[in-house]
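Some notes on the structure that comes next.
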There are 2 protein chains.
Amino acid sequence: MADGRPSAAISGENLLFLTDEQLRQGIEAMFFAYRGFTADPDRILTDMAYGRAHHRAIHFINRAPGTTVNNLLNILGVTKQSLNRVLRTLIADGLVESRVGRIDKRERHLYLTDEGRLLEGRLSDAQRARMRAAFRDAGPEAVAGFRQVLEAMMDSEMQRAYTRLKESGT
Amino acid sequence: MADGRPSAAISGENLLFLTDEQLRQGIEAMFFAYRGFTADPDRILTDMAYGRAHHRAIHFINRAPGTTVNNLLNILGVTKQSLNRVLRTLIADGLVESRVGRIDKRERHLYLTDEGRLLEGRLSDAQRARMRAAFRDAGPEAVAGFRQVLEAMMDSEMQRAYTRLKESGT
DNA sequence: CAGTTTAAGTCAGCCTTGTTGACATTCCAA
DNA sequence: TTGGAATGTCAACAAGGCTGACTTAAACTG
């Protein structure tokens, strides 16, 4: 739908990548790749008392410093109780700072401390290293396709969040 | 490493997709897309008393009927206790059948029952529908790139498991 | 100004899914 | 026949989701 080739898709070459078998391989590729994707940071985190949820919070606070709790909630797609548990430990451990909003004092704005940035660096270095190797092995055209398919796989709400982050990044 | 363009990669165009910003976008694309990837089957599963772990077991038993518990363990990358809990409920509910091995009677070979296949169909239909839409939107070249990058992102052990499944599928 | 809504935090309790460790059973193979 | 492998079971625990109920403070609105 809305792809500009409605009738061409019913014949020949265009169907080869839409067979159930091809789709199933795509599904399994996602499953196995996601495991690799999280493996390196997970290893670092279990040495400390942290988990993947802490990583996600740290990642997005680093990505958008000063973000509010509510905004983070929407990006992560979890309940505030779930996020709060994670944030509380990160703040208690001095990795995240929570500042009362100046304009709206109900809001809390979140920032990484120096120590938080240090852990963030360790985690993304590990994750980026794998991503870099995969990107390099596959080449620029494959990377473009990779991102195109992933973007099409997101819920529209997440697509918007993704694009917003993408555009904010330099 | 081992990509055939060692020095070319240090200049110009080839670096554009290896900047930290590009890598970070790839990381976030994986995060958001995986959520979409699991969203549809998750919705079906929560209506029943099942979770994602049940889906994974059902998927791979369907994919390789007669697989042993140990084999499934390696593919899923969990402990036998964890898998066993899931398998026990699936067997008790009559979705999975466990047959004692004929050659090696220690082994249990796993099969979906008719009812199991029914649920499997419902789950993969939902997951495939999203994958199909994403593949169609992105086009064949993008899909090829998508799979190339994902494969490069896997641990080598998972890469082997993935390839084995791929080759067994027709 | 009073009442409502919003942002955030907290408490309690529940579920799934992962983990270890200890142990029993069965059965193949040296 | 004995050692080891494959499987299963019990118990205990933790992370990280969830819901529901409630509080506080601030902001908005009629």
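Proteins come first, then strands; the chains are lettered A, B, ... in the order of their sequence lines, and each starts at number 1.
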Review point. Which residues satisfy the ring-ring contact (aromatic ring centres under 6.0 Å, His included) test with B/His54, sequence neighbours excluded?
Key: B/Tyr50
Point to revise | Pair listing, salt bridge (charged side-chain N to carboxylate O under 4.0 Å, His left out) test, anchored in residues 93-102 of chain B, at least two apart | key: B/Glu97-B/Arg99
Study note, to complete from the structure: Separation of D/dA26 atom P from A/Asn70 atom CG, nearest Å, is 17 Å
Check your understanding: Is any side-chain N of the basic residue among A/Arg43 and A/Asp40 closer than 4.0 Å to the acidic one's carboxylate O?
Key -> yes
Review point. Cut-off 3.5 Å, side chains only: do A/Arg147 and B/Gln22 have a donor facing an acceptor?
Key: yes
Exercise for review: Can you tell me which residue pairs pass the salt bridge (charged side-chain N to carboxylate O under 4.0 Å, His left out) test with a partner in residues 149-161 of chain A, sequence neighbours excluded?
Suggested key: A/Glu151-A/Lys166, A/Asp155-B/Arg130
Point to revise | Of residues 52-59 of chain A, the positions that come close to DNA chain D - non-hydrogen atoms, cut-off under 4.0 Å | key: A/Arg52, A/Ala53, A/His54, A/Arg56
Practice item. Apply ring-ring contact (aromatic ring centres under 6.0 Å, His included) to B/Tyr34 and list each qualifying residue two or more places apart in sequence or on a separate chain. Key: A/Tyr34, B/Phe37
**Study point:** Results of salt bridge (Lys or Arg N to Asp or Glu O under 4.0 Å) for A/Asp47 - residues two or more places apart only
**Key:** none
Point to revise | Which atom of A/Ala142 lies closest to which atom of B/Gln148, heavy atoms considered | key: CB-OE1, 3.6 Å
Review point. What is the distance from CZ of B/Arg43 to P of D/dC18, rounded to the nearest Å?
Key: 14 Å
Review point. Going by heavy atoms closer than 4.0 Å, what residues in residues 74-96 of chain A are next to DNA chain D?
Key: A/Gly77, A/Val78, A/Thr79, A/Gln81, A/Ser82, A/Arg85
Exercise for review: Give a yes or no on whether a salt bridge exists between B/Asp114 and B/Arg117, defined as a side-chain N under 4.0 angstrom from a carboxylate O.
Suggested key: yes
Revision key, fill the gap. Quick note, salt bridge (charged side-chain N to carboxylate O under 4.0 Å, His left out) partners involving residues 61-70 of chain B, not counting sequence neighbours, are A/Glu21-B/Arg63, A/Glu28-B/Arg63
With the criterion being N/O to N/O and under 3.5 Å, what pairs connect the protein with nucleotides 27-30 of chain D, and how long is each?
unit_1 : atom_1 : unit_2   : atom_2 : d
D/dA27 : OP1    : A/Ile103 : O      : 3.1
D/dA27 : OP1    : A/Lys105 : N      : 3.0

**Study point:** Contacts of type side chain to side chain contact (heavy atoms under 4.5 Å, CB included), residue B/Arg106, not counting sequence neighbours
**Key:** B/Asp104
**Study point:** Set of side chain to side chain contact (heavy atoms under 4.5 Å, CB included) partners for B/Leu73, sequence neighbours left out
**Key:** B/Asn70, B/Lys80, B/Leu83
Exercise for review: Report yes or no: do B/Phe60 and B/Leu118 belong to one cluster of Ile/Leu/Val/Met/Phe/Trp/Tyr joined by side chain heavy-atom distances under 4.5 Å?
Suggested key: no
Review point. Which nucleotide span of DNA chain C, 5' end to 3' end, has atoms closer than 4.0 Å to non-hydrogen atoms of chain A?
Key: C/dT6 to C/dC11
